Amino acid sequence: MDKIKVRFAPSPTGPLHIGGARSALFNYLFATHNGGELVLRIEDTDLDRSRREYEDEIIDSLHWLGLKWNEGVDIPGPNGPYRQTERLDIYAKYTLQLLESGQAYYCFCSEEELEAERKALLASGEMQKYSGKCRSLSDAEKAAKFAQGIKPAIRFRVPEHEEYVVDDLVRGRVSFASDDIGDFIIVKSDGIPTYNFAVVIDDVLMGITHVIRAEEHLSNTPRQLAIYDALKLKRPEFAHISLILGSDRQKMSKRHGATSLIQYRQMGYLPEALFNFLALLGWSPEGEEEILAPAEIMNAFTLERVAKSPAVFDLDKLNWLNQQYIKKLEAGELAELVKPYLEDSVWNEQILKLDQEHYNLMVMAVRDHLVALSDIKQEVEVFLAGLTYENEAKQLLSEEDVLPVLEVFGDGLGEFMPVDEVKSYLKRLTKELKLKPKNVFMPVRCALSGRTHGPDLPSMVSFWGCDETRRRLQHSIEMIKEWR
RNA sequence: GGCCCCUUGGUCAAGCGGUCUAAGACACCGCCCUUUCACGGCGGUAACGGGGGUUCGAGUCCCCCAGGGGUCACCA
């Protein structure tokens, strides 16, 4: 068997979508699992909507996700160029071949005409396909149209009574009748080929052995098969993976919230988490473990285990996965990852003043509370904000036996710093006062932070240091007296 | 509307004719752990869309219906 070669071929008409990312991922997984190669091709034949910025953005997203390819628009290879608009002369040769053999023909119909035709067909309930009006124009008629200055499109003449069969690697055998397909345009009037045409030429020339793409392309496949046949080209294998749906079971769109990879990146989702999550959407490993590193997924990935049914994007599960990955982060890693979010927050100035030790102490103290990295902004507030009291804390502090506890805590406060020392000090106090741990920890927590819950108390005390801790304690003691 | 695809708990899903009185995960609920919140541990609620076949036996195979989705563009 030939070496496996797959491709991901996005259109640079917007940021990389979740669905596109998953298609890319499955191609990547299939390639790496089988020791094959991945090509990144840019399908920019829609001149109006394609933009170079999007191309860069897509590549950036792909890299961020952790995907790599062997050749493509940014990596020179033997089958370039990899941008379709740079391959126009290549398509032209095949167009000519089709035209000369009569398998394609010029179509002079205007868009208005076609639109009207379509509407009429829709209204009458008939099959919506091109009427074939320009199918058999005489040379004279064609010359007349050209003379009028009309720029024709080129249509592919779909053979009659053919059956196109796809042995899809995930869906099994699917067949289409050619009679249900109207002659379709392969070259637009501006000379740019359309998707269904260019994709065939490119996949063949680039040596693609397996076309893995979203299910929305399944009904395009017979058109492409017709072109393979007309040009006597060898067909690749096909695998159509199911769509990703929003929570309302509709195709994912903007109104479902964040749909581009960039947005998830900005919100602070880790690439490993997205990689893992996307892989689990439509594919499942044999074992029961679901938290899998990229390498493990590559190892286990096969098309046989790809599901046919569409999958709803489950943000809850992504959140859970992301949290799992964040929990595994070490201080240094977390500190780095979280930095941009803090720099972007109101705490930036204070954070700049912190030494590495304090900074790490703080982020590690809240690490297990983070669902996404951006949560750091809220989580860190208790360390950096001034002392204000939540109602519940106020209530607790107003209880009878709280004051003595706070005073004793303040008296014994030394010049310590490490978290462990604070912790053992608090434990010791608990024993000496013959109180339940809760009756020591909670008053102190409320007095120092103004809140009934938050990060680990010893970490906070250690972070503030004895001066700030004393200051907060004194303030609270005064407040308590005032409240009485 | 034509064609095509899909259909196991709220969600992701395992299952590929008997071991299914149907796994696991997320979410939810409860208990435990605990200085709070979280984390973690344990447990619980919850599903084979409907109807016909085939078969000794069907979630698993076939047909019909229903529902959902995709596609029918000079968009990809």
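Here the structure is a predicted model, which means the values were calculated and not measured. Chain letters run A, B, ... following the sequence lines, proteins first, then strands; residues in each count from 1.
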May I ask you to verify if any side-chain N or O of [X] is less than 4.0 angstrom from the OP1 or OP2 atom of [N]?
X         : N      : value
Ser284(A) : C12(B) : no
Lys188(A) : A76(B) : yes
Gln224(A) : A76(B) : no
Ser242(A) : C6(B)  : no
Arg49(A)  : A73(B) : no
Lys327(A) : G40(B) : yes
Lys317(A) : A13(B) : no

Report the nucleotide, chosen from [options], that has the shortest atom-to-atom distance to any side-chain atom of [X].
X         : options                : answer
Ala311(A) : C74(B), A13(B), C6(B)  : A13(B)
Thr45(A)  : C72(B), U36(B), A76(B) : A76(B)
Arg249(A) : C12(B), U71(B), U35(B) : C12(B)
Asp46(A)  : C39(B), A76(B), C74(B) : A76(B)
Met442(A) : U11(B), U71(B), U36(B) : U36(B)

(request) Of all the heavy-atom pairs spanning Val199(A) and Gln84(A), show the shortest one and how long it is. (result)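 What the structure gives for the nearest pair is N-NE2, 4.1 Å.
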(request) With RNA chain B as reference, determine whether Gly454(A) or Val170(A) sits nearer its 5' end, using the nearest nucleotide of each. (result) Val170(A)
(message) By nearest heavy atom, map Glu290(A) and Ser175(A) onto RNA chain B; which one lands nearer the 5' end?
(response)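 Looking at RNA chain B, the more 5' nearest nucleotide goes with Ser175(A).
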Span that lies between the [atom1] atom of [M] and that of [N], in whole angstrom:
N      : M      : atom1 : result
C5(B)  : G9(B)  : C1'   : 24 Å
G24(B) : C65(B) : P     : 37 Å
U19(B) : C3(B)  : P     : 39 Å
C72(B) : C29(B) : P     : 44 Å
G67(B) : C75(B) : P     : 34 Å
C56(B) : G41(B) : C1'   : 46 Å
G15(B) : A25(B) : C1'   : 16 Å
G2(B)  : C64(B) : P     : 15 Å

(message) Between A27(B) and Asp314(A), counting only base atoms on the nucleotide and side-chain atoms on the residue, is there a donor-acceptor pair under 3.5 Å?
(response)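 Flag unset: no donor-acceptor pair detected.
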(message) Any N or O donor-acceptor pair under 3.5 Å from the base of C74(B) to the side chain of Ser189(A)?
(response) yes
Pick base, sugar-phosphate or nothing for [X], based on heavy-atom distances below 4.0 Å to the nucleic acid.
X         : value
Cys109(A) : base
Pro222(A) : nothing
Gly287(A) : nothing
Asn220(A) : base
Lys151(A) : nothing
Arg305(A) : sugar-phosphate
His217(A) : base
Gln324(A) : sugar-phosphate
Ile185(A) : base
Arg171(A) : sugar-phosphate

So, the side chain of [X] versus the backbone of [Y]: is there a donor-acceptor pair under 3.5 Å, distance only?
X         : Y         : result
Asp179(A) : His161(A) : yes
Glu399(A) : Asp401(A) : no
Lys427(A) : Pro437(A) : no

Under a 3.5 Å cut-off for both contacts, is [N] paired Watson-Crick or G-U wobble with anything, and if yes, with which nucleotide?
N      : value
G40(B) : C32(B)
C61(B) : G53(B)
G1(B)  : C72(B)
U21(B) : none
C26(B) : G10(B)

(request) Please say whether more than 12 non-hydrogen atoms of neighbouring residues, nucleotides or ligands are located less than 6.0 Å from CD in Glu286(A). (result)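 Not buried by this count: 12 neighbours or fewer within 6.0 Å.
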(request) Mark yes when over 12 heavy atoms from residues, nucleotides or ligands other than Asp89(A) sit less than 6.0 Å from its CG; otherwise mark no. (result)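 Buried by this count: over 12 neighbours within 6.0 Å.
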(request) Evaluate whether the aromatic ring of Trp320(A) and the six-membered ring of the C26(B) base sit under 5.5 Å apart, centre to centre, with an inclination under 30°. (result)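 So no, this residue does not stack on that base, at least one cut-off failing.
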(request) With Arg445(A) as the cation and Phe441(A) as the aromatic partner, state whether NZ or CZ is under 6.0 Å from the six-membered ring centre and within 45° of the axis. (result)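 Pair Arg445(A)/Phe441(A) does not count as cation-pi.
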Protein-nucleotide distance ([X], atom [atom1]; [N], atom [atom2]), rounded to Å:
X         : N      : atom1 : atom2 : value
Asp456(A) : C33(B) : CG    : P     : 19 Å
Trp283(A) : A14(B) : CH2   : P     : 11 Å
Asn276(A) : C12(B) : CG    : P     : 17 Å
Tyr105(A) : C74(B) : OH    : C1'   : 13 Å
Glu286(A) : A25(B) : CD    : C1'   : 17 Å
Asn322(A) : A25(B) : CG    : P     : 20 Å
Leu243(A) : C4(B)  : CG    : C1'   : 13 Å
Tyr130(A) : U71(B) : OH    : P     : 24 Å

(request) Apply the test ring pair (Phe, Tyr, Trp, His ring centres under 6.0 Å) to residues Phe409(A) and Tyr425(A): give CA-CA distance (whole Å), side-chain angles for both, the deciding distance (0.1 Å), then the verdict. (result) CA-CA 9 Å; Phe409(A) 171 76; Tyr425(A) 171 55; 5.7 Å; yes
(request) Please test Ser242(A) against Glu215(A) for side chain to side chain donor-acceptor pair (under 3.5 Å), starting from the C-alpha separation and ending with a verdict. (result) CA-CA 5 Å; Ser242(A) 60; Glu215(A) 195 197 323; 5.6 Å; no
(request) Only one of Arg223(A), Arg157(A), Arg235(A) passes salt bridge (charged side-chain N to carboxylate O under 4.0 Å, His left out) with Asp229(A); say which it is. (result) Arg235(A)
